[in-house]
Amino acid sequence: MASLASSAPETDQEVSIEFQDTNLVIYSDGTVHRTPWSSAELATACPSPSDADQVATKDIVLNPQHGTMLRLFLPPSASSGLPVLLYFHGGGFTNFVTALHPLNAYLSRLAAHCAALVVSVDYRLAPEHPLPAAYEDCFEALLWLEKQAEMAASGDSRCEAWLADHADFSRCILIGDSAGGTIVHYVGMQALGHGSWVSDQEQKRLKHVALTGMLLCHPFFTCGRDEKLMHDERGRKLFKYLNITIDSPLIDPLSSSSPPLAAVHLPPSIVFVAGQDMLKHCGIAYHDGLLKAGKESKLSCTEEEEHVFHILKPNSPHIQPFLDECKVGCIVLVD
């Protein structure tokens, strides 16, 4: 994902900057520095907005040991039986949080437009926590939803109130942008018993939550990669920080060492790509791989736009058609 904010520490002259992205700096000696996001860059959760037309938001701790969080987005005039969108943000697995204004605004818009309850995951980031940490945290979020659904079904008062009152757990869609789109695939595979990593939670299966669809927006895969991606210096550094190779089963779902897609009962997917995005061919290759494996997938291309334009360019004329397709996906994928 492109930059959402900027901040950089001063360095001494003996150590050079090897990698820099917004508030993250990695030095040539391996030191990692993250400048905390300022309060001006973050949207505070608002569970009881004064404006009845505003989306309500609420923060929940997912795993205190890992420092992972969830932010819930409840659309205005919310009824019962809303589909649940479990959302994973982008940032190359190394950056960003849901509360950043552009992400918070986009997810509020998504929740309102799709009339859906959005649950966004703030997972652990590389290089401090290389893959599969992000996958594990996002899978844990799905299992948290499973526990909430179990409590709701039994009338347990410990169930999160917004979910108990408004969520239809039989209509759960995984959605993510960029690296978050990648996470959609890997969490879906893990939930169906075909994970690409050994998980402490892998024996836990979904009984009260039904995965009915996957929306992968400009996913960061390496299948179908072109020469530009192969020779991208920034990308090569990123793979080092993620502790993977370019053909790892943790980033290339079509590699020979990845679980075969044909054996997995994946839900229907919509794969969104942007015509001016370096990752376009990777998303197309993934879509083609799903079709070859006999899975249901639709490809949606916004030819004029760049990577995650729907977040970074909120006034783009192409956002409305993108959101309309997400809304249709929320309806069609669950029927």
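Sequential numbering from 1 along the given sequence is applied to the chain's residues.
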For Lys292, look at atom NZ and say whether over 12 heavy atoms of other residues, nucleotides or ligands are found less than 6.0 Å away.
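Not buried by this count: 12 neighbours or fewer within 6.0 Å.
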How about His129 and Tyr123: are their ring centroids closer than 6.0 Å?
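That pair fails the under 6.0 Å test.
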Under the rule for ring-ring contact (aromatic ring centres under 6.0 Å, His included), what residues qualify as partners of Tyr135, not counting sequence neighbours?
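Applying ring-ring contact (aromatic ring centres under 6.0 Å, His included) to Tyr135 gives Phe93, Tyr186, Trp197.
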Could you pull out all residues at least two apart from Phe88 that satisfy ring-ring contact (aromatic ring centres under 6.0 Å, His included)?
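Phe88: no ring-ring contact (aromatic ring centres under 6.0 Å, His included) contacts found.
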Restricting to pairs with a member in residues 52-72, which pass ring-ring contact (aromatic ring centres under 6.0 Å, His included), not counting sequence neighbours?
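Listed by first then second residue: nothing to list.
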Quick one: ring-ring contact (aromatic ring centres under 6.0 Å, His included) pairs with a partner in residues 258-305, sequence neighbours left out?
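Residue pairs passing ring-ring contact (aromatic ring centres under 6.0 Å, His included), neighbours aside: His185-Tyr286, Phe221-Tyr286, Phe272-Phe322.
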Provide the full list of side-chain hydrogen bond (donor to acceptor under 3.5 Å, both in side chains) pairs with a residue in residues 104-115, sequence neighbours left out, each pair given once.
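side-chain hydrogen bond (donor to acceptor under 3.5 Å, both in side chains) check on residues 104-115 returns Arg71-Asn104, His113-Asp324.
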Taking side-chain hydrogen bond (donor to acceptor under 3.5 Å, both in side chains) as the cut-off, I'd like each qualifying pair that reaches into residues 44-56, sequence neighbours left out, listed once.
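The answer is none; no pair qualifies.
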Tell me whether Leu291 shares a hydrophobic cluster with Ile284, the cluster being built from Ile, Leu, Val, Met, Phe, Trp, Tyr side chains joined at under 4.5 Å.
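Not linked; separate clusters.
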For Pro83 against Arg171, the heavy-atom pair lying closest together
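Smallest interatomic distance, heavy atoms only, reads CD-NH2, 3.2 Å.
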Pairs meeting criterion salt bridge (charged side-chain N to carboxylate O under 4.0 Å, His left out) with involvement of [range], two or more places apart:
| range | value |
| --- | --- |
| residues 252-269 | Arg225-Asp252 |
| residues 260-271 | none |
| residues 27-39 | Arg34-Glu128 |
| residues 256-282 | Lys280-Glu303 |

Can a side-chain donor-acceptor contact be found between Asn95 and Thr22 if the only test is distance below 3.5 angstrom?
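Yes, side-chain donor-acceptor contact under 3.5 Å.
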List, by chain and number, the other hydrophobic cluster members for Val61, where Ile, Leu, Val, Met, Phe, Trp and Tyr join if side-chain heavy atoms come within less than 4.5 Å, directly or indirectly.
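So far as hydrophobic clustering goes, Val61 is joined with Met69.
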Could I get the full list of salt bridge (Lys or Arg N to Asp or Glu O under 4.0 Å) partners for Glu160, not counting sequence neighbours?
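Counting only residues at least two positions away or on another chain, Glu160 forms a salt bridge (Lys or Arg N to Asp or Glu O under 4.0 Å) with Lys58.
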